[in-house]
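First the structure, in the form of structure tokens, and then the observations on it.
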Amino acid sequence: MSICSSSSSSSSSSSSTGKAWIVHGILAGTAIAVAIGAHVYLGRARKFRTRVVGIIPARFASSRFEGKPLVHILGKPMIQRTWERSKLATTLDHIVVATDDEKIAECCRGFGADVIMTSESCQNGTERCNEALRKLEKKYDIVVNIQGDEPLIEPEIIDGVVKALQAAPDAVFSTAVTSLKPEDAFDPNRVKCVVDNRGYAIYFSRGLIPFNKSAKVNPQFPYMLHLGIQSYDSEFLKIYPKLQPTPLQLEEDLEQLKVLENGYKMKVIKVDHEAHGVDTPEDVEKIESLMRERNLS
């Protein structure tokens, strides 16, 4: 009886395991098909990329700093300062703010910005940019995701990431890095990046990378800090939401890792820029002090 029972249990277990592997195989096959189809489609689509739109995603809800886009920096809302700096870029044909919050929308319309309302379900800035792109009347080849918490973004950096993507037909994404300050080495809000010899991204992390066996910052090593700005091939941006979240993306909470984990190329440019992103309320005072020092109004 026990032998018969064991055999039946084993058969049932084997059957369940087999079914699980079949389901897993179907899901994996679907994911691979999406990725392969995307690569083939993009290979045909990104021969010429001239029309460029800048999108500033902005949301009111934030675990670290609620209402951040509307915080005043020397008398102006931060989102307005970002928009004004972005307007100076020469490669952008159009600029819009994409938000799910009516207070932000009203503020932006007040200083003259075009606004696209997006859903609250967007998981990150990339998905918000995708929804805004679909709602725009005109068609664009490149979308620049301009972080709303970079009120001192340099228009030359915006132009730089656009031109980098235009010059790299094998890439679907471009972004910028600058030198990392030693005091920011272990700050998880300062994302680090490593690139290959051709200027393509290898990895991004909230931890220090590369990390040596002494567990200390090497003052001789040129660590790189990721700047939030990024541009995408517009056809890839349409595909991005269909790609399943990836393990590294979820662990680091960095949306650009989903791009790399799916085998796409990302071009990285290095710029000389003192990063002044606003991640916490304490950062506002720091940036205002800097602006006073530089006589920036």
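FYI, the numbering just counts along the sequence from 1.
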### Gap between atom CD1 of I146 and atom SG of C129 - 0.5 Å precision
8.5 Å

### Message
Walk me through whether V172 and M266 qualify under side-chain contact (heavy atoms from CB on, under 4.5 Å).
### Response
CA-CA 6 Å; V172 298; M266 186 182 304; over 6 Å; no

### Task
Output, in order, the C-alpha distance, side-chain angles, deciding distance and verdict of side-chain contact (heavy atoms from CB on, under 4.5 Å) for K76 and E84.
CA-CA 11 Å; K76 287 183 181 180; E84 289 175 348; 3.1 Å; yes

### Query
Side-chain heavy atoms under 4.5 angstrom apart, residues restricted to Ile, Leu, Val, Met, Phe, Trp, Tyr: same cluster for L74 and V278?
yes

### Task
Mark yes or no for whether T178, through its side chain, and V271, through its backbone, hold a donor-acceptor pair below 3.5 Å.
yes

### Salt bridge present between D101 and K103 (N-O < 4.0 angstrom)
yes

### Side-chain donor or acceptor of N262 paired with backbone N/O of K258 under 3.5 Å
yes

### Message
Same cluster or not: V177 versus L208, using hydrophobic residues (I, L, V, M, F, W, Y) connected whenever any side-chain heavy atoms lie under 4.5 Å apart?
### Response
no

### Query
To the nearest 0.5 Å, how far apart are CD in E293 and CD in E288?
12.5 Å

### Message
Between Y232 and N145, do the side chains contain a donor N or O and an acceptor N or O under 3.5 Å apart?
### Response
yes

### Query
Quick one: do K286 and E282 make a salt bridge, cutoff under 4.0 Å?
no

#### Entry: Atom pair NZ/CG of K270 and L225 - distance to nearest 0.5 Å
10.5 Å

### Message
Applying side-chain contact (heavy atoms from CB on, under 4.5 Å) to R198 and K265, what does each step give before you reach the verdict?
### Response
CA-CA 11 Å; R198 298 177 58 228; K265 290 193 173 228; 3.6 Å; yes

### Query
Would a distance-only check, ignoring hydrogens and angles, find a side-chain to backbone donor-acceptor pair under 3.5 Å from D283 to T280?
yes

### Message
With a sphere of 6.0 Å drawn around CD of E102, does it hold more than 12 non-hydrogen atoms of other residues, nucleotides or ligands?
### Response
yes

### Query
Quick one: does K163's side chain have a donor or acceptor within less than 3.5 Å of a partner on T91's backbone?
no

### Query
Run the side-chain contact (heavy atoms from CB on, under 4.5 Å) check on L92 and V53 step by step: do they pass?
CA-CA 6 Å; L92 301 182; V53 61; over 6 Å; no

### Query
Salt-bridged, E235 to K238, with N to O below 4.0 Å?
yes

### Query
Can you tell me how far the CG atom of L88 sits from the CD atom of E156, to the nearest 0.5 Å?
8.5 Å

### Message
Closer than 3.5 angstrom, by distance alone: can the side chain of R49 be matched with the main-chain N or O of Q166 as a donor-acceptor pair?
### Response
no

### Query
Within a radius of less than 6.0 Å around CD of E183, do more than 12 heavy atoms belonging to other residues, nucleotides or ligands occur?
yes

### Query
So, for V191 and Q256, which heavy atoms are closest and what is the spacing to 0.1 Å?
CG1-NE2, 4.2 Å

### Task
List the atom of D170, the atom of Y200, and the distance in Å for their closest heavy-atom pair.
OD1-OH, 2.7 Å

### Heavy-atom donor-acceptor pair, R81 side chain to I73 backbone, under 3.5 Å
yes

### Query
Under 3.5 Å, side chain of S174 to main-chain N/O of V268, donor-acceptor pair present?
no

### Task
Mark yes or no: K192 above the aromatic ring of Y223, with NZ or CZ under 6.0 Å from the six-membered ring centre and no more than 45 degrees from the axis.
no

### Task
Say whether, by atom type as modelled, one donor and one acceptor occur between the side chain of T99 and the main chain of I104 under 3.5 angstrom.
no

#### Entry: I269 and V161, any side-chain heavy atoms less than 4.5 Å apart
yes

### Query
With hydrophobic residues grouped by side-chain heavy-atom distances under 4.5 Å, do V195 and I229 end up in a single group?
no

### Query
Of all heavy-atom pairs between G148 and I56, which one has the smallest distance, and what is that distance?
CA-CG2, 3.7 Å

### Task
Could you tell me whether the side chain of I95 reaches within less than 4.5 Å of the side chain of D114, counting heavy atoms only?
no

### Message
Do L260 and L257 have side chains that approach each other closer than 4.5 Å (heavy atoms only, starting at C-beta)?
### Response
yes

### Query
Considering all heavy atoms of both residues, which atom of C122 and which atom of E131 are nearest to each other, and what is their separation?
SG-OE1, 3.3 Å

### Task
Kindly say whether the aromatic ring centers of F236 and F173 come within a distance under 6.0 Å.
no

#### Entry: Interatomic distance, F204 atom CZ to I202 atom CD1 [nearest 0.5 angstrom]
10.5 Å

### Query
Would a 4.5 Å heavy-atom cut-off, applied to side chains only, mark S231 and T175 as touching?
no

### Task
Please determine, by modelled atom types, if S205 and E252 share a side-chain donor-acceptor pair under 3.5 angstrom.
yes

### Message
Do D233 and I142 make a side-chain contact, defined as non-hydrogen atoms from C-beta onward lying under 4.5 Å apart?
### Response
no

### Task
For Y140 and D93, work out which heavy atoms get closest and say how close.
CE2-CB, 4.3 Å

### Query
CD of Q147 to CD of Q230: how many Å apart, nearest 0.5 Å?
6.0 Å

#### Entry: Any L180 side-chain heavy atom under 4.5 Å of M224 side chain
no

### Message
Using a strict threshold of under 4.0 Å (side-chain N to carboxylate O), is an ion pair present between R59 and D100?
### Response
no

Output side-chain donor-acceptor pairs under 3.5 Å for residues 214-222, partner residues at least two apart or in another chain, one line each.
from : atom 1 : to   : atom 2 : distance (Å)
S214 : OG     : N212 : OD1    : 2.5
S214 : OG     : K216 : N      : 3.3
N218 : OD1    : Q220 : N      : 2.9

### Query
Does a side-chain heavy-atom distance below 4.5 Å link L296 with L152?
yes

### Query
Where is the tightest heavy-atom contact between A132 and I55, given as atom of each residue plus distance?
CB-CD1, 4.0 Å

### Query
Taking C-beta and beyond as the side chain, do I157 and L227 meet within less than 4.5 Å on heavy atoms?
yes

### Query
Checking D141 side chain against T50 main chain: does a donor-acceptor pair fall under 3.5 Å?
yes

### Task
Measure from the side-chain N and O atoms of E261 to the backbone N and O of Q249, and report whether any donor-acceptor pair falls under 3.5 Å.
yes

### Message
Side chains of T82 and E150: any donor to acceptor distance under 3.5 Å?
### Response
no

